[in-house]
Every structure is written in structure tokens, then in C-alpha cells.
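Report on the structure given below.
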Amino acid sequence: MRVEGTHTKIASDLLAHYDVHARRLPWRAPPGSNAADPYRVWLSEVMLQQTTVAAVIPYFHAFTDRWPTVDALAGAQDADVMAAWAGLGYYARARNLLACARAVAGDLGGAFPASEERLRALPGIGDYTAAAVAAIAFGQRAVVVDANVERVVARLFAIETPLPAARPEIRAAADRITPDSRAGDFAQAMMDLGATICTPRNPACGICPLRDDCAAFRTADPAAFPVRLAKKAKPHRTGHGWWMERADGHVWLVRRPGKGLLGGMRALPSSDWSAAPDPAPPLEARWTTLADPVAHVFTHFSLSLTIHVAHLPPDVTPPGEGEWWPLERLEEAGFPTLFRRAAQAAMKESRYHA
DNA sequence: AACCCGTGGAA
DNA sequence: TTTCCAAGGGT
């Protein structure tokens with residue numbers, strides 16, 4: 001049972017600061033207007049999962065311009081949404097985004113549910129996003145815990161337990177300081193504080209509205225919180241990709257399987273990136289190899305992709321599923337970053353592009 | 001529970 | 001240059 005009024009000073013100090021210093025962001029209703037659109041709140045929250053505000057802003061505008069409502073998004077083609085998401089990363093989010101939009105538009109009559117529990121049941125909405133949408137879009141009291149809140153709370157209470165084991169302790173502390181009213185503003189205020197003042201390194205304690213309430217501020221090194229366990233080293237992998245270009249100015253592209261790494265995204269044909277030392281190319285041809293492999297770093301491994309180039313006669317088509325894509329429209333293919341860079345490298349060897 | 005899943009900016 | 005890590009979710 002939550003005890004009323006235990007830490008109301010923290011919430012009131014923070015909200016007073018937020019009323020003056022809140023960041024103006026495209027998905028935020030202007031100050032004073034209580035008109036948060038659940039569609040825009042949900043879309044922004046999904047885009048912001050593990051992704052910086054600066055990276056999200058252009059994608060948010062592109063999506064809301066093209067699909068202004070959840071019904072419009074639900075009616076979009078899968079390939080269009082995946083291509084529009086290209087470059088933002090974590091592509092399972094885009095697949096779940098569409099599944100969620102279609103569930104809301106179809107089963108729920110176009111209205112997002114207002115309760116945390118029913119939001120949590122939708123695809124791509126976990127504990128954090130359910131709480132954030134319930135609080136920000138619907139004014140419900142919900143305990144919103146993201147990486148910013150974890151950091152701020154760990155510092156406020158100088159929590160010594162290392163992450164991720166500290167999660168229950170941090171959530172309980174966040175619950176204690178979450179107010180009954182303005183929970184959405186409180187959540188956004190905590191995240192603004194974490195993004196602009198209570199930053200991971202070199203926090204600006206001198207201008208922090210919660211300095212007097214902060215146990216970490218009274219220690220020698222506030223930035224030492226939250227404590228984290230050492231992380232494992234990233235393994236390195238190698239792979240091969242094939243650029244097959246036809247004399248009429250087209251290149252052979254494939255779509256990756258719906259699950260797993262870069263799932264559902266358009267791509268160059270490539271080997272798996274495990275151990276196979278010398279995989280066979282898709283077809284017999286006069287292959288040349290680019291001098292510099294494309295280097296790319298994923299979340300849990302780094303990759304060096306060697307690109308092989310062949311120029312094919314117009315009557316040859318590689319085996320398996322794929323499509324001939326016009327070289328002058330390569331930007332519209334919706335490549336994830338690895339293949340966008342691989343295509344850029346291969347285009348230097350292109351014979352058929354103006 | 002531990003692992004998988006992208007990208008790019010900051011220091 | 002390398003390292004860190006961001007409005008996490010799914011399995």
C-alpha cells in the first residue's frame with residue numbers, strides 16, 4: 001500500500017521546475033492545453049524506445065504527415081511502413097507498430113484503451129510504454145520507469161544495488177515519489193531531468209531542482225549511480241554480400257525473414273554471419289571483390305561484410321525470391337544502415353548508373 | 001532469466 | 001579511437 005504524502009516535496013519541486021523548463025517536443029501538447037493525442041503519444045513512445053529524441057524527431061514528422069491517425073497507419077502496406085522506419089533501428093518495433101495499429105483500428109474501433117493493463121496487452125507495448133501512454137495520454141496515475149527514471153531515482157536514494165538487480169527497488173522508490181495528479185507531467189519531467197540535468201556523465205547538479213533532496217549529491221561522486229555490472233565484450237563476425245547488377249540498371253534485392261536481425265527489411269543477398277569461411281555465391285559469374293569490407297556494429301556483435309560484385313547479362317536472374325530494383329531509386333529501397341552503406345560502396349563499382 | 005535486437009551522438 | 005548508452009520489448 002502506497003503511503004500518501006511521503007515524498008510529495010520531490011514531485012512538487014520537480015513539477016514547478018517542469019512548468020518553466022519543459023522541453024517543447026513535437027508529440028507534446030502545448031503547455032496548458034490538455035489535448036494529448038493518444039496516437040501521437042503512443043507513436044512517439046514506441047519510436048523513443050532505446051532511441052534518442054534527436055533521432056526520433058524527423059521520423060515522427062514523416063510518420064504523422066503520412067499517416068495522421070491510427071486508422072491511416074493500420075491501412076498502410078507493410079513494405080511502406082518498414083521502408084519508412086529504415087535507419088531508426090530495432091525493426092521489430094515497426095512490425096509490432098503495425099500489428100498494434102491494426103488491433104486498435106480493427107478490434108477497438110480506433111480508440112486506444114486508457115488503462116495500463118489493456119495497453120500492456122497490445123503488441124510492442126511493455127511495462128514502460130503502457131505506463132507512459134496511460135499517464136501522458138489519459139492522465140492516469142502510473143509509475144513510469146525508463147532509463148532516465150532509473151538513473152534519477154538511483155541517485156535520489158543513492159541505491160547501491162547494481163542494475164539490473166536493482167530494478168524492483170528502483171520501481172518501488174519511483175512509486176513512492178509519483179504524485180496522484182499530473183502523473184504524466186511528472187513522468188515527462190523526470191525524463192527531461194535525466195536527459196538535460198541528471199545526465200549519465202557530468203550531471204549538472206548545480207542547477208538541479210532536486211539537489212536538496214538527492215542522497216547522491218551528498219556523496220563524493222553522484223555520477224557513480226546507478227551502479228552497473230560490467231558488460232561482456234562484443235564478438236566479431238564476418239560475412240559476404242553480393243551485388244548483382246544488370247545491364248538495364250537494376251540490382252537484385254531480397255527481403256530478410258520476418259524475425260531476427262533486420263527482420264522484414266529489404267537487403268542485399270548475403271551469407272549468414274556465423275562461421276562459414278567461404279560461402280558460395282548465388283550464381284556463377286565473373287565476380288570481383290571490393291577492397292574494403294563494410295564494417296558495422298550491432299548491439300551484441302560487430303560485423304565485417306565483404307562485398308562481391310558481378311555484372312550480369314539481361315536474361316539472367318538469380319535463384320530464389322527477390323526483385324530487380326532500379327539503381328536510380330536505391331534511396332527508396334528502405335535499407336537498414338548496413339545495406340545502405342554496402343550499396344554505397346558497391347555503387348562505386350557500378351557500370352550502369354549515370 | 002538471459003539473450004536477442006540498431007543506430008548514431010557525445011565524450 | 002574507443003566506450004557508453006538512449007522515453008525497451010519479445011522470447
Side-chain angles (χ1 to χ4, degrees), chain A residues 22-23 25-28 40-60 82 85-97 99-100 119-137 142-152 163-165 167-168 171 174 184-196 198-203 223 226 228-237 256-265 267 273 295-303 334-341:
Chain A
R23 290 181 291 174
L25 298 172
W27 45 87
R28 266 184 200 173
R40 294 166 64 89
V41 172
W42 161 75
L43 177 63
S44 69
E45 290 301 340
V46 173
M47 288 184 164
L48 286 161
Q49 287 165 6
Q50 294 285 286
T51 308
T52 57
V53 165
V56 163
I57 286 174
Y59 285 86
F60 181 80
M82 299 310 288
W85 198 275
L88 198 55
Y90 284 139
Y91 299 99
R93 292 185 295 173
R95 304 192 297 269
N96 288 328
L97 189 83
C100 183
L119 286 161
R120 180 66 178 81
L122 290 165
I125 298 186
D127 290 341
Y128 162 77
T129 304
V133 173
I136 297 167
V143 182
V144 180
V145 183
D146 76 321
N148 288 299
V149 176
E150 281 186 352
R151 184 170 59 255
V152 172
L163 285 172
R167 294 247 153 83
R171 197 210 132 82
D185 284 347
F186 178 76
Q188 295 180 88
M190 288 285 278
M191 295 190 277
D192 275 17
L193 189 76
T196 61
C198 194
T199 50
R201 287 174 288 194
N202 302 315
R228 291 181 193 276
L229 260 30
K231 50 185 60 173
K232 297 195 302 186
K234 274 181 197 188
H236 184 74
R237 297 184 191 171
R256 294 177 60 81
K259 295 181 178 179
L261 189 71
L262 308 179
M265 300 301 287
W273 306 331
H296 192 70
V297 181
F298 293 100
T299 308
H300 55 295
F301 68 95
S302 58
L303 175 69
F335 282 137
T337 297
L338 168 68
F339 292 110
R340 185 171 54 75
R341 291 188 183 146

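For the numbers below, each heavy atom of this structure counts, side chains included, while hydrogens, waters and symmetry mates do not. Protein chains get the first letters and strands the later ones, always in sequence-line order, with residue 1 at the start of each.
Looking only at side-chain heavy atoms (C-beta outward), A:M47 and A:T51 stay at 4.5 Å or farther from each other. Residues A:L261 and A:R256 meet the side-chain proximity criterion, which asks for heavy atoms closer than 4.5 Å. A heavy-atom distance below 4.5 Å is found between the side chains of A:Q50 and A:Y90. Within the 4.5 Å cutoff, the side chain of A:R28 has heavy atoms near those of the A:R23 side chain.
Among the protein residues, A:S44 comes within range of no part of the nucleic acid, since none of its heavy atoms lies under 4.0 Å from any strand. Within 4.0 Å (heavy atoms only), A:V297 reaches at least one base atom of the nucleic acid. The residue A:W85 sits apart from the nucleic acid: no heavy atom pair falls under 4.0 Å. Residue A:A132 is out of contact with every strand shown, counting any heavy-atom pair closer than 4.0 Å. Base engagement by A:L88 is indicated by at least one non-hydrogen atom pair under 4.0 Å involving a base atom. Using a 4.0 Å heavy-atom distance criterion, A:G194 is classed as making no nucleic acid contact. Using a 4.0 Å heavy-atom criterion, one finds that A:L25 contacts the bases of the nucleic acid, with or without backbone contacts as well.
Taking only side-chain atoms of A:Y91, from C-beta outward, the nucleotide of B:dT7, C:dA7, C:dG9 with the closest atom is B:dT7. For A:L262, the side-chain atoms get nearest to B:dG6 when compared with the rest of B:dG6, C:dA7, C:dG8. With B:dC5, C:dG8, C:dA7 as the candidates, the nucleotide lying closest to the side chain of A:R23 is C:dA7. Checking B:dC5, C:dG8, B:dC3 against every side-chain atom of A:F301, the shortest atom distance belongs to B:dC5. Comparing C:dA7, B:dC3, B:dC5 by their closest approach to the side chain of A:L48 singles out C:dA7.
In terms of position along DNA chain C, the nucleotide closest to A:R28 lies nearer the 5' end than the nucleotide closest to the other residue of the pair A:K259 and A:R28. Map A:H300 and A:P164 each onto its nearest nucleotide of DNA chain B; the residue landing nearer the 5' end is A:P164. Each of A:G124 and A:N148 was assigned the nucleotide of DNA chain C with the nearest heavy atom; the assignment lying further toward the 5' end belongs to A:N148.
For the atom pair CG (A:L122) and OG1 (A:T129), the distance works out to 11.0 Å, reported to the nearest 0.5 Å.
Nucleotides B:dA1 and C:dT11 place their C1' atoms 11 Å apart, quoted to the nearest Å. The C1' atoms of C:dT1 and B:dG8 are separated by 16 Å, rounded to the nearest whole Å. When the P atom is used for both B:dA10 and C:dA7, the distance is 13 Å, rounded to whole Å.
Checked against a 6.0 Å centroid threshold, the rings of A:H296 and A:F298 count as neighbours. Aromatic rings from A:F60 and A:W27 are positioned such that their centres are separated by under 6.0 Å.
The distance from atom CD of A:Q50 to atom C1' of C:dG8 is 5 Å, rounded to the nearest whole Å. With rounding to whole Å, A:D146 atom CG is found 6 Å from C:dA7 atom P. Taking atom OH of residue A:Y59 and atom P of nucleotide C:dA6, one finds them 20 Å apart after rounding to whole Å. Across the protein-nucleic acid pair, A:W42 atom CH2 and C:dG9 atom P stand 13 Å apart, rounded to whole Å. Separating the OH atom of A:Y128 from the C1' atom of C:dG9 is a distance of 13 Å, rounded to the nearest angstrom. Atom CD of A:Q49 is separated from atom C1' of B:dC5 by 12 Å (rounded to the nearest Å). Rounded to whole angstrom, the span from the NZ atom of A:K232 across to the P atom of B:dA2 amounts to 10 Å. Rounding to whole angstrom units, CZ of residue A:R93 and C1' of C:dA6 are separated by 10 Å.
Checking side-chain atoms of A:R93 against main-chain N and O of A:G124 turns up no donor-acceptor pair under 3.5 Å.
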For nucleotides 8-11 of chain B, give me every protein contact, N/O to N/O, under 3.5 Å, one pair per line with atom names.
from	atom 1	to	atom 2	distance (Å)
B:dG8	OP2	A:R341	NH2	3.3

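You'll find a donor-acceptor pair under 3.5 Å spanning the side chain of A:T51 and the base of B:dG6, going by distance alone.
A donor atom on one side chain and an acceptor atom on the other are found under 3.5 Å apart for A:E45 and A:Y128.
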